[in-house]
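Each remark here refers to the structure printed beneath this line.
Start at 1 and go down the list; that is how both ligands and their atoms are numbered.
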Amino acid sequence: MEIVAVPAFSDNYIWLVHDQASGETAVVDPGDATPALAEAERRGWTIGQVWNTHWHPDHTGGNREVKAATGAIISGPAKETIPGIDVRLSEGDEIRLGEHRGRVVEVPGHTLGHIALVFEDEQVAFVGDTLFAMGCGRLFEGTPEQMYRSLQRITALPENTRLYCAHEYTLSNARFVATAEPDNAAIAERLQTVERLRERGEITLPTIVAQERQTNSFVRASTWQQFAELRAAKDSFRS
Ligand SMILES: [Zn+2]
(Lines give C-alpha, C1' and ligand atoms only; values in the text may rest on other atoms or scores of the structure.)
Protein backbone atom coordinates (compact mmCIF):
# COMPACT_ATOMS: atom_id res chain seq x y z
CA MET A 1 0.00 0.00 0.00
CA GLU A 2 1.51 3.29 -1.09
CA ILE A 3 0.19 6.43 0.60
CA VAL A 4 0.78 9.91 -0.78
CA ALA A 5 -0.05 13.28 0.81
CA VAL A 6 -1.81 15.84 -1.35
CA PRO A 7 -1.78 19.28 0.30
CA ALA A 8 -5.05 21.21 -0.02
CA PHE A 9 -6.36 24.58 1.19
CA SER A 10 -4.04 26.10 3.80
CA ASP A 11 -3.28 23.08 5.98
CA ASN A 12 -5.31 20.02 4.86
CA TYR A 13 -3.85 16.77 3.64
CA ILE A 14 -5.81 14.59 1.24
CA TRP A 15 -4.38 11.05 1.19
CA LEU A 16 -4.10 9.01 -1.97
CA VAL A 17 -3.88 5.29 -1.22
CA HIS A 18 -2.63 2.97 -3.94
CA ASP A 19 -2.42 -0.81 -3.97
CA GLN A 20 0.30 -1.89 -6.37
CA ALA A 21 -0.92 -5.49 -6.65
CA SER A 22 -4.42 -4.67 -7.89
CA GLY A 23 -3.70 -1.21 -9.27
CA GLU A 24 -6.61 0.19 -7.23
CA THR A 25 -6.53 3.68 -5.74
CA ALA A 26 -8.63 5.38 -3.06
CA VAL A 27 -8.67 8.99 -1.95
CA VAL A 28 -9.29 9.90 1.68
CA ASP A 29 -11.23 13.10 2.44
CA PRO A 30 -10.99 14.98 -0.87
CA GLY A 31 -12.07 18.42 0.30
CA ASP A 32 -10.84 19.73 -3.04
CA ALA A 33 -11.01 17.46 -6.09
CA THR A 34 -8.56 19.40 -8.26
CA PRO A 35 -5.25 18.62 -6.51
CA ALA A 36 -6.31 15.03 -5.76
CA LEU A 37 -7.23 14.29 -9.37
CA ALA A 38 -4.08 16.02 -10.63
CA GLU A 39 -1.76 14.03 -8.36
CA ALA A 40 -3.48 10.74 -9.24
CA GLU A 41 -3.17 11.52 -12.95
CA ARG A 42 0.47 12.50 -12.59
CA ARG A 43 1.13 9.05 -11.08
CA GLY A 44 -1.01 7.21 -13.62
CA TRP A 45 -3.46 6.15 -10.91
CA THR A 46 -7.25 6.02 -11.36
CA ILE A 47 -9.27 6.82 -8.26
CA GLY A 48 -11.86 4.07 -7.74
CA GLN A 49 -12.99 4.91 -4.21
CA VAL A 50 -13.54 7.90 -1.96
CA TRP A 51 -13.32 7.30 1.77
CA ASN A 52 -14.65 10.03 4.05
CA THR A 53 -13.95 10.23 7.77
CA HIS A 54 -16.59 12.92 8.52
CA TRP A 55 -18.92 15.39 6.84
CA HIS A 56 -16.98 18.68 7.09
CA PRO A 57 -16.75 20.42 3.69
CA ASP A 58 -12.93 20.59 3.78
CA HIS A 59 -13.08 16.75 3.73
CA THR A 60 -16.03 16.09 1.40
CA GLY A 61 -16.22 19.19 -0.83
CA GLY A 62 -14.57 17.40 -3.77
CA ASN A 63 -16.60 14.16 -3.52
CA ARG A 64 -19.00 14.82 -6.39
CA GLU A 65 -16.30 16.14 -8.70
CA VAL A 66 -14.09 13.09 -8.07
CA LYS A 67 -17.08 10.82 -8.69
CA ALA A 68 -18.02 12.66 -11.89
CA ALA A 69 -14.45 12.45 -13.18
CA THR A 70 -13.71 8.83 -12.25
CA GLY A 71 -16.94 7.01 -11.32
CA ALA A 72 -15.49 6.40 -7.85
CA ILE A 73 -17.63 4.74 -5.17
CA ILE A 74 -18.02 6.97 -2.11
CA SER A 75 -17.95 5.42 1.38
CA GLY A 76 -18.44 7.45 4.53
CA PRO A 77 -19.94 7.50 8.00
CA ALA A 78 -23.52 6.19 8.13
CA LYS A 79 -24.47 8.72 10.78
CA GLU A 80 -23.56 11.82 8.75
CA THR A 81 -24.70 13.60 5.58
CA ILE A 82 -22.01 12.90 2.99
CA PRO A 83 -22.23 14.31 -0.57
CA GLY A 84 -22.70 11.54 -3.16
CA ILE A 85 -22.48 8.70 -0.62
CA ASP A 86 -22.86 5.13 -1.94
CA VAL A 87 -21.76 3.01 1.05
CA ARG A 88 -22.70 3.88 4.65
CA LEU A 89 -20.12 2.69 7.14
CA SER A 90 -20.63 1.81 10.81
CA GLU A 91 -18.50 0.28 13.57
CA GLY A 92 -16.97 -3.02 12.48
CA ASP A 93 -17.74 -2.66 8.76
CA GLU A 94 -15.05 -3.54 6.26
CA ILE A 95 -13.62 -1.56 3.36
CA ARG A 96 -11.31 -3.06 0.78
CA LEU A 97 -8.57 -1.87 -1.52
CA GLY A 98 -7.35 -4.81 -3.58
CA GLU A 99 -6.63 -7.51 -1.02
CA HIS A 100 -6.24 -5.03 1.84
CA ARG A 101 -9.08 -5.01 4.31
CA GLY A 102 -9.79 -2.02 6.50
CA ARG A 103 -11.98 -1.93 9.60
CA VAL A 104 -14.29 0.93 10.51
CA VAL A 105 -13.93 2.31 14.03
CA GLU A 106 -16.39 4.93 15.23
CA VAL A 107 -14.53 7.80 16.90
CA PRO A 108 -17.07 10.49 17.87
CA GLY A 109 -16.00 13.81 19.34
CA HIS A 110 -14.96 16.20 16.56
CA THR A 111 -18.24 15.26 14.86
CA LEU A 112 -20.74 12.73 16.20
CA GLY A 113 -20.48 10.26 13.32
CA HIS A 114 -16.72 10.52 12.73
CA ILE A 115 -15.04 7.26 11.72
CA ALA A 116 -11.45 6.06 11.46
CA LEU A 117 -10.31 3.42 8.95
CA VAL A 118 -7.82 0.88 10.28
CA PHE A 119 -5.78 -1.43 8.03
CA GLU A 120 -4.29 -3.91 10.45
CA ASP A 121 -2.27 -5.79 7.81
CA GLU A 122 -0.47 -2.58 6.86
CA GLN A 123 -0.44 -1.03 10.37
CA VAL A 124 -2.06 2.06 8.94
CA ALA A 125 -5.02 4.13 10.16
CA PHE A 126 -6.75 7.13 8.63
CA VAL A 127 -7.98 9.18 11.56
CA GLY A 128 -9.36 12.37 9.96
CA ASP A 129 -9.76 15.18 12.47
CA THR A 130 -9.90 12.99 15.58
CA LEU A 131 -6.23 12.64 16.49
CA PHE A 132 -3.54 15.02 15.24
CA ALA A 133 0.17 14.71 15.90
CA MET A 134 0.47 15.89 19.53
CA GLY A 135 -3.11 17.11 19.42
CA CYS A 136 -6.72 16.34 18.65
CA GLY A 137 -9.66 17.84 16.82
CA ARG A 138 -11.91 20.47 18.29
CA LEU A 139 -15.12 19.29 19.93
CA PHE A 140 -17.71 20.65 17.52
CA GLU A 141 -20.40 18.03 18.15
CA GLY A 142 -19.29 15.48 20.72
CA THR A 143 -18.48 15.57 24.41
CA PRO A 144 -15.03 15.52 26.02
CA GLU A 145 -15.81 12.04 27.33
CA GLN A 146 -16.54 10.75 23.81
CA MET A 147 -13.40 12.33 22.36
CA TYR A 148 -11.20 11.05 25.17
CA ARG A 149 -12.47 7.52 24.57
CA SER A 150 -11.96 7.90 20.79
CA LEU A 151 -8.34 8.96 21.31
CA GLN A 152 -7.79 6.01 23.65
CA ARG A 153 -9.16 3.63 21.02
CA ILE A 154 -6.84 4.98 18.34
CA THR A 155 -3.76 4.84 20.55
CA ALA A 156 -4.65 1.32 21.70
CA LEU A 157 -3.69 0.16 18.19
CA PRO A 158 -0.30 -1.60 17.87
CA GLU A 159 2.46 0.88 18.69
CA ASN A 160 3.97 0.92 15.19
CA THR A 161 0.66 1.84 13.56
CA ARG A 162 1.07 4.89 11.33
CA LEU A 163 -1.66 7.48 11.83
CA TYR A 164 -2.67 9.62 8.84
CA CYS A 165 -4.28 12.81 10.13
CA ALA A 166 -6.00 15.34 7.90
CA HIS A 167 -4.26 18.59 8.90
CA GLU A 168 -0.76 19.99 9.36
CA TYR A 169 -1.30 21.30 12.90
CA THR A 170 1.75 19.67 14.45
CA LEU A 171 3.84 22.77 15.21
CA SER A 172 1.04 24.59 17.03
CA ASN A 173 0.17 21.38 18.89
CA ALA A 174 3.82 20.80 19.84
CA ARG A 175 4.13 24.29 21.29
CA PHE A 176 0.98 23.75 23.32
CA VAL A 177 1.92 20.36 24.77
CA ALA A 178 5.37 21.72 25.60
CA THR A 179 3.60 24.14 27.96
CA ALA A 180 1.20 21.45 29.23
CA GLU A 181 4.05 19.05 30.06
CA PRO A 182 7.18 21.18 30.50
CA ASP A 183 9.15 18.28 32.01
CA ASN A 184 8.41 15.80 29.21
CA ALA A 185 11.74 15.35 27.38
CA ALA A 186 10.15 13.47 24.49
CA ILE A 187 7.89 16.45 23.80
CA ALA A 188 10.78 18.92 23.96
CA GLU A 189 12.78 16.82 21.52
CA ARG A 190 9.86 16.37 19.14
CA LEU A 191 9.11 20.11 19.20
CA GLN A 192 12.64 20.76 17.92
CA THR A 193 12.25 18.15 15.17
CA VAL A 194 8.91 19.61 14.09
CA GLU A 195 10.31 23.16 14.08
CA ARG A 196 13.11 22.06 11.76
CA LEU A 197 10.69 20.25 9.42
CA ARG A 198 8.28 23.19 9.23
CA GLU A 199 11.10 25.71 8.65
CA ARG A 200 11.82 23.72 5.50
CA GLY A 201 8.11 23.48 4.64
CA GLU A 202 8.13 19.70 5.11
CA ILE A 203 5.26 17.47 6.19
CA THR A 204 5.27 16.16 9.77
CA LEU A 205 2.91 13.24 9.11
CA PRO A 206 2.12 10.43 9.43
CA THR A 207 2.69 10.07 13.13
CA ILE A 208 2.89 6.71 14.90
CA VAL A 209 0.98 5.39 17.89
CA ALA A 210 4.10 5.00 20.07
CA GLN A 211 5.04 8.64 19.52
CA GLU A 212 1.56 9.83 20.42
CA ARG A 213 1.56 7.81 23.63
CA GLN A 214 4.77 9.64 24.60
CA THR A 215 4.09 13.17 23.37
CA ASN A 216 0.35 13.76 22.96
CA SER A 217 -0.90 15.27 26.22
CA PHE A 218 -4.52 14.79 25.15
CA VAL A 219 -3.91 11.05 24.87
CA ARG A 220 -1.82 11.03 28.06
CA ALA A 221 -4.54 12.67 30.16
CA SER A 222 -5.54 10.18 32.86
CA THR A 223 -9.25 11.06 32.90
CA TRP A 224 -11.70 12.63 30.49
CA GLN A 225 -12.07 15.54 32.90
CA GLN A 226 -8.33 16.23 32.66
CA PHE A 227 -8.64 15.89 28.89
CA ALA A 228 -11.50 18.42 28.87
CA GLU A 229 -9.35 20.99 30.71
CA LEU A 230 -6.52 20.54 28.21
CA ARG A 231 -8.87 20.86 25.23
CA ALA A 232 -10.35 24.08 26.64
CA ALA A 233 -6.83 25.46 27.23
CA LYS A 234 -5.77 24.61 23.68
CA ASP A 235 -8.86 26.34 22.26
CA SER A 236 -7.60 29.65 23.65
CA PHE A 237 -3.86 28.95 23.13
CA ARG A 238 -1.99 31.24 20.73
CA SER A 239 1.36 29.87 19.66
ZN1 LIG B 1 -13.34 18.46 10.55
Side-chain angles (χ1 to χ4, degrees), residues 3 5-17 26-36 49-66 74-85 88-91 95 102 104-118 124-155 163-173 176 203-207 212 216 218-219 227-228 230-237 239:
I3 303 172
V6 180
F9 309 117
S10 59
D11 52 32
N12 284 69
Y13 291 121
I14 297 166
W15 300 104
L16 282 178
V17 189
V27 62
V28 183
D29 286 346
D32 187 356
T34 306
Q49 297 185 63
V50 172
W51 298 335
N52 290 132
T53 61
H54 66 296
W55 67 268
H56 285 163
D58 62 318
H59 297 252
T60 59
N63 274 15
R64 291 185 193 281
E65 195 180 332
V66 170
I74 299 176
S75 301
K79 292 176 180 166
E80 299 191 347
T81 303
I82 302 292
I85 193 165
R88 294 167 197 279
L89 300 172
S90 300
E91 177 75 32
I95 53 167
V104 175
V105 178
E106 292 183 355
V107 285
H110 178 68
T111 63
L112 277 176
H114 200 302
I115 57 172
L117 303 170
V118 179
V124 159
F126 298 97
V127 298
D129 288 356
T130 299
L131 182 145
F132 295 120
M134 289 183 278
C136 70
R138 285 177 185 262
L139 302 181
F140 288 119
E141 297 177 9
T143 65
E145 197 170 1
Q146 285 176 317
M147 186 58 136
Y148 180 66
R149 179 164 185 273
S150 295
L151 295 175
Q152 297 305 315
R153 288 195 74 186
I154 290 170
T155 53
L163 304 175
Y164 290 81
C165 328
H167 288 275
E168 181 59 69
Y169 290 159
T170 313
L171 182 55
S172 165
N173 288 339
F176 173 74
I203 187 169
T204 62
L205 300 173
T207 182
E212 294 309 306
N216 187 326
F218 300 91
V219 167
F227 164 81
L230 274 174
R231 186 60 259 181
K234 177 65 169 74
D235 286 344
S236 55
F237 180 74
S239 59

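The main-chain N or O of Tyr148 is never found under 3.5 Å from a side-chain atom of Arg231 such that the two would form a donor-acceptor pair. Under a 3.5 Å cut-off, the side chain of Thr111 and the backbone N or O of Glu141 do not form any donor-acceptor pair.
In this structure, the ring of His167 has its center less than 6.0 angstrom from the ring center of His59. The ring of Phe176 has its center closer than 6.0 angstrom to the ring center of Phe218.
Note on the Zn ion (ligand 1): protein N, O or S atoms under 2.8 Å away count 4, no waters included.
Tyr164 pairs in a ring-ring contact (aromatic ring centres under 6.0 Å, His included) with only one of the listed residues (Trp15, Trp51, Tyr13), which is Trp15.
Across all their heavy atoms, Gly113 and Lys79 have their closest contact at CA-CB, 4.0 Å.
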